[in-house]
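Structure first, then comments.
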Amino acid sequence: MTAALSVHNRFFNSNTPENLSRKQLRISEKNHNPGFEINARSSKSTHLRKKQARGSKVAVETKAQNFNHTRALQELVGSGSMDRALYLFEKMNCVDTFLWNVMIRGFVDNGLLREAINFYHRMVCEGFRADYFTYPFVIKACTGLLSLVDGEKVHAKLVKCGLDLDVYVCNSVIVMYMKLECVECAERVFDEMLVRDLVSWNSMIGGYCRVGDGLSSLIFFKEMQKYGMKHDRFSLISGLGASSTVGCLKCGKEIHCQVIRSGLEMDFMVQTSLLDMYGKCGKVDYAERVFNRIFPRSIIAWNAMIGGYVLNARFLESFSCLKKMKEVDKLNPDHITMINLLPSCTQLGALLGGKSIHGYAIRKGFLPHLVLETALIDMYGVCGELKKAEQIFEIITGKNLVSWNAMIAAYVQNGQNKDAMKLFLDLWSKPLIPDAITFATLLPAYAEIATLSEGMQIHALITKLGLVSNTFISNSVVYMYTKCGDLQTARIIFGGILCKDVVSWNVIIMAHAIHGLGKFSIQLFSEMRNKGIKPNGSTFLSLLSSCSISGLVDEGWNYFNSMRKEYGIDPGIEHYGCMIDLLGRTRNLDLAKRFIEEMPLVPTARIWGSLLTASRKNNDIVSAEFAARHVLSLTHDNTGSYVLLSNMYAEAGRWEDVERIKGIMVKEGLEKTTSYSSFEKNGKTHWFINQDRTHSENYMIYNVLDILLRKIGEDIYIHNVSKFNPSSLLKKMAKSPEHHSVRLAISFGLISTTIGNPVLVRNNTRICEDCHNAVKKISKITKRELIVRDPKVFHHFRNGCCSCGDYW
DNA sequence: CAGGAATGTG
């Protein structure tokens, strides 16, 4: 007669039943029954009253009927017919806590989580006491909804009822907090438990695993044995997961031994975890051994095996594994198979493979699927199909941070730095908070195009979000400041990195390289070795670049030769590239050519490009043609090579050849890159193109520039007429460099800054010979440091000299 | 009545 009680309590009893104990509840139930008919208000009660009026015989029947109803209700719930269960529930007249629990559990089991919570509220409202059977279900519903708000309310309620003493209830609360990433709350609940069972421990181990704290997971895994808990399959599975996140093969192997000792070797979930662990710890052969013992092999085991191959860069094997899966076990790939295989396509550059996976996913109805779509963005991004990546990103509903990060990465990988920055600002307006990966992805874009003030803003943001202690991020910040021209700040931040890794050192060595401070690079390199940091290939790339940029020829050769001898590092193609630059500086073109011939690697476009630069510096048109031919056979759209060659022809007065190159470029659809220079003033960037007259301070800029040019004797039109030299005049007229963008920007920079301060100008193309000469002289007569950033390096012009040693 | 294996971004 509980329904009656509920009605009664609702209207006449302020002492709500949830404040009473189970025993008290039963007593009050009895006591209030007699008054039932008078107090009845609801239609349910009226219905009951009519039934009861038919006499005691009917009452007995009702009891039996209720018993049948209960069984029917359980069956309906079990089969997932929640609507019919609800109908029956509403019809039943003797509802009690047990039946409410059956309903709530049914909702949870059938994924109707919100309904489960609503039903719990209704249950409490109608005066039923939620018991220690109710709460695990309700908490599970909150967990599934990822609703911390609901969860905390329910938790508070159950503490009030004293149900926080129940092990089952507490275990479910732990799982909830862990899944909602409130690790500290879970820890507190765990700590305050008077009795902990196996599930309590397993929930902690599994919870830490889930939030990525493999170390704590392993600590709890070891700790629980001290409390007399024996690991079961759940503990072992979580322990294996923790070993893979930490990447601790030793831990994994130990747990493998425990698996064998516990006789769980043939447990298929444990097997899958083992296989996964070995794959993630880099032991594919062990994984294969485990895999071969699994029978029957589920799609999950196959997926784990495929994932293992992909993770260990054995891409082709991942595809043959897929083939075997289809042929041997007649299993169809699912969405996780696709997610696993997409990185294989990405790494192999197999766009066609990636597209067919996309097609398969569409045909099979796997889409929309957030993770799969993100993997597709990555694949299309790396394969250069930016439009496709954008399309997928557009249609994703419920984008999470990973999706945003993937799209930002796609832009950066394709050199669309501006779009990456724009997308980041877009993300900033969303309720998502960028993380370390966002910045690690984004910072290279900032390094390429951000102004110093933009760079400082992003740095402030990183600091605000507490990501400065992340070495990966700090390294990128150092590089960004370097590329923004602020080597001073780059140094300070480098000095502040607490855990400097090899990348930190490589970055700071490279920073000094691109600012033409080779001696400092060398000093930093020896400092690094003294600190016991082992240099890698990239270290030498930074070091050799520095030697080449600063013209430290002997040092460069010494380091190059020491690479293999002292450090056991085989020089890569990039290292050879640096050496060719170095040889180019010595003006020994024949040696450079022989070096290319004799090197054990196939020359790339960059190698031939270095020879082309060297040929230009030597004014050796034949070598330049030779180098350019090679560059263009490898990259058809290398505009720079055409322009360089064309300029050489022009200087030699070979106008037919200039026209010929022009013709080829037109035929190939190539346009000469428009050179522009920029100068940042008060956070605003001012742009200039050659002969630009659009700037608001145009008059002043040209006046100042003309004075400067006259002072340095480059105003050939006015002063050099007497020493008329037709070929030199022709040369200058062809390019009219006296109003090149870089000079305009420097002129504007000089009038926009205080005397004594350096002027920093950015160029999108390499500075021409004439301007380089002119800027050197301007630095001398103005007594200012003039800094020009080109696509590769910073030219520091000081007192008539440039840090690049006139070779760039 | 509670807990578990394979999945995307640097």
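Quick caveat: nothing in here was measured; it's all calculated off a predicted structure. Letters A, B, ... mirror the listed sequences (proteins, then strands); counts begin at 1.
Within 4.0 Å of A:N202, counting heavy atoms only, lies at least one base atom of the nucleic acid. Residue A:I306 is classed as having no contact, given no heavy-atom separation below 4.0 Å to the nucleic acid. Contact annotation for A:N101: no contact, since no heavy-atom pair falls under 4.0 Å across all strands. At a threshold of 4.0 angstrom between heavy atoms, the contacts of A:V175 are confined to the sugar-phosphate backbone, with no base atom among them. The residue A:N400 sits close to a base: some heavy atom pair falls under 4.0 Å.
Not one side-chain nitrogen or oxygen of A:K399 sits closer than 4.0 Å to the OP1 or OP2 atom of B:dT9. Distances shorter than 4.0 Å separate some side-chain N or O of A:R210 from OP1 or OP2 on B:dG4.
Residue A:M269 contributes atom CE, which lies 10 Å from atom P of B:dG4 at whole-angstrom precision. One interatomic measurement links the two molecules: CG of A:D435 to C1' of B:dT9, which rounds to 8 Å at whole-angstrom precision. Across the protein-nucleic acid pair, A:I339 atom CD1 and B:dT9 atom P stand 10 Å apart, rounded to whole Å. Protein atom CE of A:M277 is 20 Å distant from nucleotide atom P of B:dG4, rounded to whole Å. For the pair A:F107 CZ and B:dC1 P, the computed distance is 18 Å after rounding to whole Å. One can place NZ of A:K140 at 12 Å from C1' of B:dG4, the figure rounded to the nearest angstrom. When rounded to the nearest whole Å, the span between CE of A:M266 and P of B:dA5 equals 21 Å. Rounded to whole angstrom, the span from the CZ atom of A:F472 across to the P atom of B:dT9 amounts to 13 Å.
Ranking B:dG8, B:dG4, B:dA6 by closeness to the A:K179 side chain, first place goes to B:dG4. Of the candidates B:dG8, B:dA2, B:dA6, B:dA2 carries the atom nearest the A:F137 side chain, counting heavy atoms from C-beta on. Here the nucleotide nearest the side chain of A:N405, chosen from B:dA5, B:dT9, B:dC1, is B:dT9. Side-chain proximity of A:K280 to the nucleotides B:dA5, B:dT7, B:dG3 is greatest for B:dT7. Nearest nucleotide to the A:S273 side chain, out of B:dG8, B:dT9, B:dA5: B:dA5. In this structure, of B:dT7, B:dG4, B:dA6, it is B:dG4 that holds the atom nearest to the side chain of A:I237. Proximity note for A:Q413 (side chain, C-beta onward) versus B:dA6, B:dT9, B:dG10: the nearest is B:dG10. Distance from the side chain of A:R233 is smallest for B:dG4 among the nucleotides B:dG10, B:dG4, B:dA6. Of all nucleotides listed (B:dA2, B:dG8, B:dG10), B:dA2 comes nearest to the side chain of A:P136. Distance from the side chain of A:H369 is smallest for B:dT7 among the nucleotides B:dT7, B:dC1, B:dG4.
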- Would A:N171 and A:S203 count as a side-chain hydrogen bond (donor to acceptor under 3.5 Å, both in side chains) if you check the C-alpha gap in whole Å, the side-chain angles of each, and the deciding distance to 0.1 Å? CA-CA 7 Å; A:N171 288 345; A:S203 303; 5.1 Å; no
- Hey, mind stepping through A:Y208 and A:E187 against side-chain hydrogen bond (donor to acceptor under 3.5 Å, both in side chains) and telling me if it holds? CA-CA 10 Å; A:Y208 282 124; A:E187 282 168 346; 2.4 Å; yes
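For the residue pair A:D419/A:N414, the side-chain donor-acceptor check at 3.5 Å is not satisfied. Side chains of A:S235 and A:D232: a donor-acceptor N/O pair is present below 3.5 angstrom, by distance only. Using modelled atom types, one finds a donor on one side chain and an acceptor on the other under 3.5 Å when comparing A:T438 with A:N405.
Between A:Y120 and A:Y135, the distance separating the two ring centers is shorter than 6.0 angstrom.
With values rounded to the nearest 0.5 angstrom, A:L372 atom CG is found 5.0 Å from A:L367 atom CG.
Interface remark: the A:S203 side chain does not form any donor-acceptor pair with the B:dG3 base, using a distance-only criterion of under 3.5 Å.
With centres under 5.5 Å and a plane angle under 30°, the ring of A:Y168 is stacked against the base of B:dC1.
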